[in-house]
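Below is one structure, written out as structure tokens; the observations come after it.
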Amino acid sequence: MKNHVKTILKLLLVVAIVAAIIYTFRDMVGPILEELGGTPVWVILVICGAGICYHLVEGWINCSFARQYQPSFSYRMGVESAFYCSFYRVATLGSGAGLAAVYYFNGKGIPVPKATGMYMVEYVIHKMSIALFSAVFFLINFGFMKHYYNDYFGMLSAGYGLTFLIAAALLLFCCSKALHRLVIGLLDKINRKGRFDAQAAMLREQCGILETATAELMTKKKFILSIVGKNMLKFAFFYGIPFVILTQEYGLTLLQSWAVTSLSVMLAAVIPSPAGIGSSEFVLAALFAVLVGTGAAGSAALLYRFATFVVPFLMGGIVVLVYKRIDRRLAARERK
């Protein structure tokens, strides 16, 4: 009976994931295929390569973090985890990427509280690195940006402000003893009759581990700086994609592409949407329309989404299938 229930639950999970994927891409498949059909093969290959290179660097970052707790964690595992999370980012409309990361790291021997703190710190540095990348290339291209995007300066400030608030909230969640005491205090009030003593004890233990893990990582300044540098490298691949698409016909330079695309990512963060779906394309198309017209900007946005979202998702699907097959084999060996 239990086996039948597990099978049904797994089938329901698969159906839910497929439904989420269909919902996610419902308005994109036709236009993306149309744009791909009219795009030179070399452009498609280069932008797909950029999307893959981004995740190769992301894997390097994951590996660097994981080795702080598990020295045997390999670069291959880091890349695998990067694509693994990309699949679940789409399948869950963004909400499951963090859980997928913690689950993967835990499967490689990193306890859940430490994996959670590690992922949170990694995400905070990721968000702050986006702001830094945008600021650097905005200043490098200041004359160009001011000429074309003077009206966006207010929204840019909002994007920076929101990024700061998200990063601060995540850091508080990871390392604030006062916040943890507040949460535990609320649980104690609910648990006056002692029904949740085990859960309360576990929460106290995990909060302590999370605080320690986060504090250890945040004190490693050279390590943090190296992660920021790796983030800047990975952004260069994604944010250079519009350059590949538009440079021949419109003369867009790589530095301009980095500045405008990073600005669009900052502004898209102001617009609430699942996993950034829809908002990223809207802002990217709006900003590039100022330079190359609405038609070309819309095409670039669709191809950008294909390279940064669809390609990693498809590769992540392969990783998930292989990973689950390995899990089943290991479970079968343990039963024997």
Side-chain angles (χ1 to χ4, degrees), residues 2 5-21 24 54-127 170 173-174 199 202-203 205-214 216-217 227 274-276 309 312-335:
K2 288 183 179 180
V5 172
K6 287 181 179 179
T7 302
I8 292 171
L9 289 174
K10 287 180 180 179
L11 287 173
L12 289 174
L13 178 62
V14 170
V15 170
I17 289 174
V18 171
I21 293 166
T24 299
Y54 176 99
H55 285 77
L56 295 179
V57 181
E58 179 79 354
W60 185 16
I61 294 170
N62 289 349
C63 177
S64 299
F65 269 101
R67 282 181 178 172
Q68 302 299 309
Y69 301 109
Q70 184 58 271
S72 63
F73 196 94
S74 67
Y75 172 69
R76 179 190 62 78
M77 293 176 186
V79 174
E80 189 177 82
S81 66
F83 284 111
Y84 186 87
C85 292
S86 287
F87 174 82
Y88 282 105
R89 182 173 291 108
V90 177
T92 61
L93 299 180
S95 61
L99 292 175
V102 172
Y103 174 81
Y104 184 92
F105 291 134
N106 181 246
K108 299 302 180 183
I110 303 174
V112 169
K114 289 186 176 181
T116 302
M118 182 182 76
Y119 181 79
M120 287 294 186
V121 173
E122 183 176 344
Y123 185 70
V124 167
I125 298 173
H126 170 87
K127 295 295 289 185
L170 288 172
F173 174 79
C174 290
Q199 291 84 348
M202 184 180 296
L203 180 63
E205 181 184 359
Q206 291 187 344
C207 283
I209 296 172
L210 185 59
E211 290 166 13
T212 303
T214 306
E216 286 177 0
L217 286 173
I227 297 300
F309 209 79
F313 162 73
L314 294 175
M315 295 193 69
I318 296 171
V319 169
V320 168
L321 289 174
V322 172
Y323 189 72
K324 288 188 177 298
R325 181 171 295 180
I326 292 172
D327 275 354
R328 285 196 296 270
R329 288 179 180 175
L330 290 174
R333 286 178 186 177
E334 289 178 359
R335 284 195 297 269

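Just so we're clear, the structure is a prediction, and the values are computed from it rather than from any experiment.
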Can you tell me how far apart [atom1] ([X]) and [atom2] ([Y]) are? Round to the nearest 0.5 Å.
X: Ile125; Y: Met120; atom1: CD1; atom2: CE; answer: 13.5 Å
X: Phe65; Y: Phe105; atom1: CZ; atom2: CZ; answer: 9.0 Å
X: Cys85; Y: Tyr119; atom1: SG; atom2: OH; answer: 6.0 Å
X: Gln70; Y: Met118; atom1: CD; atom2: CE; answer: 10.5 Å
X: Asn106; Y: Leu99; atom1: CG; atom2: CG; answer: 12.0 Å

Can you check side chain to side chain contact (heavy atoms under 4.5 Å, CB included) on Ile318 and Phe83, steps first, answer last?
-> CA-CA 9 Å; Ile318 296 171; Phe83 284 111; over 6 Å; no

Gly78 and Asn62: which non-hydrogen atoms are nearest, and at how many Å?
->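 Scanning both residues completely, I find the closest heavy atoms to be O-ND2, 3.6 Å.
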
Quick one: closest heavy-atom pair of Ala115 and Ile110, and the distance?
->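 Closest approach of Ala115 to Ile110, heavy atoms only: N-CG2, 3.8 Å.
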
Measure the acute angle between the ring planes of Tyr84 and Tyr104, then classify it against the limits of 30° and 60° as parallel, tilted or perpendicular.
->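 Ring orientation of Tyr84 relative to Tyr104: tilted.
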
side-chain contact (heavy atoms from CB on, under 4.5 Å) against Leu314, all qualifying residues, sequence neighbours excluded |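 If we apply the side-chain contact (heavy atoms from CB on, under 4.5 Å) test to Leu314, skipping adjacent residues, the hits are Val310.
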
Measure from the side-chain N and O atoms of Arg67 to the backbone N and O of Phe73, and report whether any donor-acceptor pair falls under 3.5 Å.
->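 Such a contact is found between Arg67 side chain and Phe73 backbone.
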
Using modelled atom types only, decide if a donor and an acceptor are shared between the side chain of Tyr75 and the backbone of Leu56 within a distance under 3.5 Å.
->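 Yes, because the side chain of Tyr75 sits within donor-acceptor range (under 3.5 Å) of the backbone of Leu56.
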
Residues two or more places apart in sequence or in another chain: which of them pass side chain to side chain donor-acceptor pair (under 3.5 Å) with Gln68?
->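 Once residues adjacent in sequence are excluded, the partners of Gln68 under the side chain to side chain donor-acceptor pair (under 3.5 Å) criterion are Lys220.
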
Steps toward side chain to side chain contact (heavy atoms under 4.5 Å, CB included) verdict (Glu122, Ile61) | CA-CA 8 Å; Glu122 183 176 344; Ile61 294 170; 3.6 Å; yes

